There are 4 protein chains.
Amino acid sequence: MSNAKGPDHSRRKERSRQVILSAARSLVAEQAYDKVTVEAIAARAGVGKQTIYRRWPSRSAVVFAAVLALSEGADGQSVALPDTGDLESDLKLVMRATAEEFADPSFDRLLRALNTEIANDAALAAEYREKLARPLDEAKKARLRSAQEAGQLDPDADLDLVLEVLYAPLFQRWLHRGGPLTPAYADALVDATLRAFGPARP
Amino acid sequence: MSNAKGPDHSRRKERSRQVILSAARSLVAEQAYDKVTVEAIAARAGVGKQTIYRRWPSRSAVVFAAVLALSEGADGQSVALPDTGDLESDLKLVMRATAEEFADPSFDRLLRALNTEIANDAALAAEYREKLARPLDEAKKARLRSAQEAGQLDPDADLDLVLEVLYAPLFQRWLHRGGPLTPAYADALVDATLRAFGPARP
Amino acid sequence: MSNAKGPDHSRRKERSRQVILSAARSLVAEQAYDKVTVEAIAARAGVGKQTIYRRWPSRSAVVFAAVLALSEGADGQSVALPDTGDLESDLKLVMRATAEEFADPSFDRLLRALNTEIANDAALAAEYREKLARPLDEAKKARLRSAQEAGQLDPDADLDLVLEVLYAPLFQRWLHRGGPLTPAYADALVDATLRAFGPARP
Amino acid sequence: MSNAKGPDHSRRKERSRQVILSAARSLVAEQAYDKVTVEAIAARAGVGKQTIYRRWPSRSAVVFAAVLALSEGADGQSVALPDTGDLESDLKLVMRATAEEFADPSFDRLLRALNTEIANDAALAAEYREKLARPLDEAKKARLRSAQEAGQLDPDADLDLVLEVLYAPLFQRWLHRGGPLTPAYADALVDATLRAFGPARP
DNA sequence: GGGTAAGCGAGACGGTACGTCGTGTCTTCGC
DNA sequence: GCGAAGACACGACGTACCGTCTCGCTTACCC
């Protein structure tokens, strides 16, 4: 009877936490973002507002945590990129998949909400980079490093820059709705990136 | 003699319009965006709320119009890029200047507000592309076409793609505060772009 | 040589005046009083707001004028009470008719609006007494004086008081919706009044 | 221990209720009625507007409740009329006191506001009759019944009618500002009423 | 019969208050 | 004894009218 108090509390807390985050997620996925209020989340979660404010300081933080929770549980393995030895086709596979993801309306709304919050809150942006962006970027950079070793990529290339050149155009086009995110477009980005950072020319 | 129709009437309307947009602009530049309320704009402009709602349907629209008005009056000339004949140095000049602009806190806030609105409103995004982005992009593409003719750029390059590869990384790094926007970074983007889309190799 | 200034102007003015008052009257008669706004009157009259404000200082004044205009044109004759020589039956006739008038919803609304305004505006109340109440009261007092001469009423009775005792209960019961205004009730008031102010007892 | 149901909850609610009604009362007593806005009441009470709208549907209802609250707590005793055995002098005492009350500017404003509301809202009028007018009328009728038993009043008289004949003239004169409410006027109303409804003649 | 000025309809304007909604805090009650 | 439920002070929302202020247009008078 070491601690009768602890375990149930934690379990209870954890449970309401999950309910709230899941409610936030579903609201963000299905509605315009300005309808996603703390009151709406509390109502959907069947929870008092105070239970939300006890844990997070603002709507932004809840929504951020909700999105963050999505990618948690995913271990290093699961975010690893394919490595067939052929960088170009591996990247095209990944870029096409990424482009396709953006087409899902729920994912689109979720990501726009996330971007809205981090664009206007430096602290959240830092947390985003640390907890969400970095792990993904590291996985991608691992694949690039493998390509460098295989002589398929300039060994002096700044991998962060490579990632930006590869992904940022897709991101920007999506954010500003600047055009369709077709497989051809995904391929073109990979081609351009490989021309820019491919093996040093003779 | 310009137009017989309602000269003083128009002048009156135009004046209040300018006062409102200017008030919106100054508020956006100096405060957190969620303090930029319609009431605050009306108060700063010395105007009734209804006078704002008569013209624009929402805060988003006012703010957007305020930013838009900044770039109006600028004719084709004024947005033309330098053309010394040396594409690389011309682009580096422009990219460094762009990177520097983002460092201005007022401009930063203005642009974040703008991006927040257009990310969440497809109609506004379309207007943004049409009225703000396109004219600038056309000016840039004019410079690139000139480079193509001079044999400094692949004649088959998709110029929209070139622009995205050049600018999107800068934009993304700024939006997500992913790192400092140094001159070296600006140069690196130009270098990468030119490697990707430079003259066709032999 | 009526007046050198704008003979037809007056006609124009007079016409719009009538249109406004009639619009006010019809609005008051058909809607809840708080929907009778100056804008609504102007719209119904097909008139600019300024045309109303040029003539009257407030909604109260317009409504008051509208009601007042109803009773204008009525000469002394037309408001004279019947005089058959039998005071009791003459008064009962009049009181029953008055009670019946209150039952008309349009008249009811009109009179409630009027009472609302004069209860809250001493100047309007004075004008009401002078222009609306007094002429009617004088007509009634004329009938009472005739009754005094005929020995049907105490020659020393204060006729203003007599009128109040006769009418005020009806007015109050109507204003506070204190009960039905039946013919029997009208008769009872006449009976009570005649008992109070009938011919002096021996 | 008085009642198990919501003791502290009720106390909190009750407190804000009292603060609001008291603020409403003081505003009505000291200002023109159209300055008595819901916002003004909320501000004076140090309360959010919503707290008012949670309890009452409109300004009318608040003001009415404020006036109503004045007379609550008054038990049957406290509204009983004097009964010295002499109806005439008892009534004159009461009527003179009533006339005097109307002279107090605060009371005047309060009562005009109340009458404005009940004249334009049948539901409020019904509540007024039930909660305010009736208890007072019952107290008065009790005195009249005592007079009937003492042979000072016609035993067949309709007491509601007696009250109207007695009070309505005073009320009307006050509402329309038809003249001064002097003690002599109060006496004259009592005299007239007693002549109308005094003991049956031989 | 053409010029002119007063009066008009229309409605924008700076304001005030409306009644509603969401915020973040605080209190109460029920499980 | 914690948490749902929701009241609370606050502040912005978007709307309705207020009373004032142009704006052209109409109209009816004057020469």
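Predicted model, so just to flag it, every value in this text is computed and none were measured. Both backbone and side-chain heavy atoms feed into the values below; hydrogens, waters and symmetry mates do not.
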Are the side chains of W56(B) and V38(B) in contact, using a 4.5 Å heavy-atom criterion? no
Do the side-chain N or O atoms of T51(C) get closer than 4.0 angstrom to the phosphate oxygens (OP1, OP2) of dG9(E)?
-> yes
I52(C) atom CD1 is separated from dG7(E) atom P, nearest whole Å, by 17 Å
Per nearest nucleotide of DNA chain E, the residue lying toward the 5' end, Y53(A) or G46(C), is G46(C)
dist E117(D):CD -> S58(D):OG (nearest 0.5 Å) comes out at 7.0 Å
What donor-acceptor contacts under 3.5 angstrom involve side-chain atoms of residues 121-128 of chain B, with partners at least two apart or in another chain?
from	atom 1	to	atom 2	distance (Å)
D121(B)	OD1	A123(B)	N	2.9
D121(B)	OD1	L124(B)	N	3.1
E127(B)	OE2	K131(B)	NZ	2.9

Rounded to whole Å, the CD-P distance (Q50(A) to dC29(E)) equals 17 Å
Whole-Å distance, R17(C) CZ to dG7(E) C1', equals 16 Å
Next on the checklist: Between E30(A) and R109(A), does any side-chain N to carboxylate O distance fall below 4.0 Å?
Outcome noted: no
The nucleotide from dC13(F), dC26(E), dG9(E) with an atom nearest the side chain of K49(B) is dC13(F)
Review point. Which is it for S16(C) and R55(C) under the side-chain hydrogen bond (donor to acceptor under 3.5 Å, both in side chains) test, yes or no, and what are the steps along the way?
Key: CA-CA 11 Å; S16(C) 76; R55(C) 290 188 214 292; 2.8 Å; yes
- Query: Regarding R59(D) and the six-membered ring of Y33(D), is the cationic atom NZ or CZ under 6.0 Å from the ring centre and inside 45° of its axis?
  - Reply: yes
Contact check, residues 54-67 of chain B vs DNA chain F, heavy-atom distance under 4.0 Å, returns none
Heavy-atom closest pair (A45(A) atom, V19(A) atom, distance to 0.1 Å) is O-CG1, 3.3 Å
Exercise. Does dG7(E) have OP1 or OP2 sitting under 4.0 Å from an N or O in the side chain of S16(C)?
Worked result: no
Minimal heavy-atom distance between A40(B) and K35(B), with the atoms involved, is CB-O, 3.9 Å
In numerical order, the residues of residues 26-44 of chain A whose heavy atoms come under 4.0 Å of DNA chain E are T37(A), V38(A), E39(A)
